[in-house]
Number of protein chains: 2
Amino acid sequence: MKPDARDRLIEGTRELLWERGYVGTSPTAILARSGVGHGSMYHHFAGKPDLVLAAEQRSAALMQQQIAETFAVDGTALDRVSGYLRRERDVLRGCSVGRLTADPDVIADDVLRAPIRETFEVLHEHLRRTIAEGVAAGEFADDLDIDEIASTIAAVIQGGYALSRAAQAVEPFDRAVRGVLALLRASAPHTN
Amino acid sequence: MKPDARDRLIEGTRELLWERGYVGTSPTAILARSGVGHGSMYHHFAGKPDLVLAAEQRSAALMQQQIAETFAVDGTALDRVSGYLRRERDVLRGCSVGRLTADPDVIADDVLRAPIRETFEVLHEHLRRTIAEGVAAGEFADDLDIDEIASTIAAVIQGGYALSRAAQAVEPFDRAVRGVLALLRASAPHTN
DNA sequence: GTCTATAGCCCGATAGAC
DNA sequence: GTCTATCGGGCTATAGAC
């Protein structure tokens, strides 16, 4: 089944938002990328913000599904956190959702900001629950604040992208991930 | 001494880059913000990229100076890392340098990317040296990779901004910072 | 549903007067 | 050095034919 024009428009907008953000994404560029005509776009969507919202919602849904799958595996809590941190990523491309936090027009609008906020909330909840399980299992120190560690881990990913894009190399991202995992392991209750 | 037009142009561009990035910053907006005329701008600068580079270099220099000052204090290594992580920040505004990593036109151009890359290199060097001192003093575990921990700390800051902007609240940033500090403390060699 | 034509405005830059 | 006038092109959107 060939994707229809509406679907191609959302996909093209998703890609452009990911690369260039809201101000950097023009309807003209969206049309060129999705191979759809001008009239078609304004038939399916009220305008740029409406199309952008649809694209954001798809990116957010895909990301939340990917997060859920990453945490829905067997193993220790550290295995699952490590699996999330080390899962395959196009590091230099960055995060399709987190990218939008740089955009003032998106952040200033509660509707356009909602998919981003919700995606980070979903991630936080998965991390929170997993870390709580790790503490209960004696994997992590029980005096750690679960919400703090969850925020730290989420920040390492988002910030790792920034460091790697600045360097145009994946090493800073990989180092940041290995560093936080080493700290998590080292903080484990000592059994001696 | 009243700042001259050249200086006001750089300052206006700096502010707009910080808020809106490269594509979101137009010469017209720069003129309005800096109170300088059109002809004056093209007298002092060859064009938008030239002016943007000058603004980036100022932001980078200010940031590098601030970093140097933050680490040039007395105390333990953990004190200095903590001082850097907890120094006063306009969290919802984000990082004037890190912001630009989202911009494809900046990242794709080695000249426009250089000030960002160098600023993160300077920060990494300060963190690296401080953590090495902490390991030598027995504050941190000696099996930690110094470069990894330095990248983790830098990533927590940059990613913390993203989380906080998504939530439009400072709490995620503050939690991420407290979390990584807790992990650093917990990883310290146990003396019992 | 999709097309072409067109609108009004802003973009980044140049020209030339003063 | 700074000004105003102007350029060609891209932006977001609407109109109306098919």
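In the text below, chain A, chain B and the rest are named by the order of the sequence lines, each starting its count at 1. Quick note: numbers below take in every heavy atom, side chains included, and nothing from hydrogens, waters or symmetry partners.
The distance between atom CG of B/L16 and atom C1' of C/dC11, rounded to the nearest whole Å, is 15 Å. Spacing between atom NE2 of A/H38 and atom P of D/dA17 amounts to 18 Å, rounded to whole angstrom units. Here D/dA13 presents its P atom at 10 Å from CG of A/L51, a figure rounded to the nearest Å. Computed from coordinates, the B/L31 CG to C/dA13 C1' distance equals 12 Å when rounded to whole Å. Atom pair A/R20:CZ and D/dC11:C1' shows a separation of 13 Å (rounding to whole Å applied). In this structure, B/F45 atom CZ and D/dG1 atom P are separated by 13 Å, rounded to whole Å. Following rounding to the nearest Å, A/K48 (NZ) and C/dC10 (P) show an atom-to-atom distance of 15 Å. Between the CG atom of B/D105 and the P atom of C/dG12 there is a distance of 11 Å, given to the nearest Å.
Mapping A/T28 and A/G39 onto DNA chain D by nearest heavy atom places A/T28 closer to the 5' end of the strand. When each of B/G47 and A/G37 is assigned the nucleotide of DNA chain C with its nearest heavy atom, A/G37 is the one assigned upstream, toward the 5' end. When each of A/P49 and B/H43 is assigned the nucleotide of DNA chain D bearing its nearest heavy atom, the one mapping closer to the 5' terminus is B/H43.
Between the side chains of A/R20 and A/T25, no donor N or O sits under 3.5 Å from an acceptor N or O.
Between C/dC11 and B/S26, a contact under 4.0 Å exists linking OP1 or OP2 to a side-chain N or O. Here B/H44 reaches the OP1 or OP2 of D/dT2: one of its side-chain N or O atoms lies under 4.0 Å away. Distances shown here put every side-chain N or O of A/S40 at or beyond 4.0 Å from the OP1 or OP2 atom of C/dG1.
Ion pair A/R117/A/E121 flagged as a salt bridge, since at least one NZ, NE, NH1 or NH2 atom sits closer than 4.0 Å to an Asp/Glu carboxylate oxygen. Here A/R8 does not pair with A/E11 in a salt bridge; the nearest charged N to carboxylate O distance is not below 4.0 Å. The existence of a salt bridge linking B/E19 and B/R99 is excluded, since no basic side-chain nitrogen approaches an acidic carboxylate oxygen closer than 4.0 Å.
Cation-pi geometry between B/R175 and A/F120 is not met: the NZ or CZ atom fails to fall both under 6.0 Å from the ring centre and inside 45° of the normal.
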